[in-house]
Amino acid sequence: MKKIKVLKLNNKGSTMIETLVAFLVLMIVLAALFKMVSFSSELRMRSVDTGNVLADFNQELYSKGSYSKIKKTKFKTDLTLSEGKQGPLFYIVPADTADGNTDNALWVTDINAYGFTYDESDSLIKDENIIAPKAMQFVHEKDDTE
């Protein structure tokens, strides 16, 4: 009779509640892992799309001829100073000049700039919310209007 009593007190195994809680914890861990994998794959796809846009931008920028997906903007010397004379587009101001005074500035004349911007209406940029690549080119050009 003593042996039967020992078997009744020894409940090896788990209850239904313990099994459900363990399954719930397992599902939470698997959901967190799934979110991490999906987020990293989304970042990977976005970086591939950005690389494709940059490669297309560079290929078109460095090819000879007209641009179909790049908008070109020319920046030239149009700054009219207070005395009525034309000033340069670019000048270097000392760091301690905070009030915008250009008396001690080093003026760089005959420098024009070209800005290149990738077409922001492109489907990849618009749909994937990718930042359009941009570039600047500085050119020394003597202005013929002087």
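By the rule that hydrophobic residues join a cluster once side-chain heavy atoms approach within less than 4.5 Å of another member, Tyr67 and Val53 end up as members of one cluster. The cluster map of Ile, Leu, Val, Met, Phe, Trp and Tyr, joined by side-chain heavy atoms under 4.5 Å apart, puts Tyr118 and Tyr62 in the same cluster. Each of Met36 and Leu43 belongs to its own hydrophobic cluster when Ile, Leu, Val, Met, Phe, Trp and Tyr are linked at side-chain heavy-atom distances under 4.5 angstrom.
For Met27, the CE atom is densely surrounded, since the number of other residues' heavy atoms within 6.0 Å is greater than 12. At most 12 non-hydrogen atoms from other residues, nucleotides or ligands lie less than 6.0 angstrom from CD1 of Ile17. By the neighbour-count criterion of 12 heavy atoms within 6.0 Å, atom NZ of Lys71 is sparsely surrounded, having that number or fewer from other residues, nucleotides or ligands.
Met136 and Ala113 make their closest contact through CE-CB, 3.8 Å (heavy atoms, listed as atom of the first residue, atom of the second, distance). The two residues Glu60 and Lys69 have their closest heavy-atom pair at OE2-N, 2.6 Å. Taking all atoms of both residues into account, the shortest heavy-atom contact from Ile125 to Asp119 is CD1-O, 3.7 Å. Listed here is the closest heavy atom pair of Phe57 and Thr117: CE1-C, 4.3 Å.
Separating the CD atom in Glu120 from the CD1 atom in Ile131 is a distance of 10.0 Å, to the nearest 0.5 Å. Within the model, atoms OG1 of Thr73 and OH of Tyr114 stand 11.5 Å from one another, a figure rounded to the nearest 0.5 Å. Asp49 CG to Leu54 CG: the interatomic distance, rounded to the nearest 0.5 Å, is 11.0 Å.
Judged by distance alone, with hydrogens and angles left aside, the side-chain atoms of Arg46 form a donor-acceptor pair with the main-chain N or O of Asn129 at under 3.5 Å.
Residue pairs meeting the side-chain hydrogen bond (donor to acceptor under 3.5 Å, both in side chains) criterion with at least one member in residues 16-34, sequence neighbours excluded, are Ser14-Thr19.
When side chains are defined from C-beta on, Val48 counts as touching Asn52, because their heavy atoms get closer than 4.5 Å.
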Side chain to side chain contact (heavy atoms under 4.5 Å, CB included) between Leu24 and Ile28, worked out | CA-CA 6 Å; Leu24 181 67; Ile28 290 172; 4.3 Å; yes
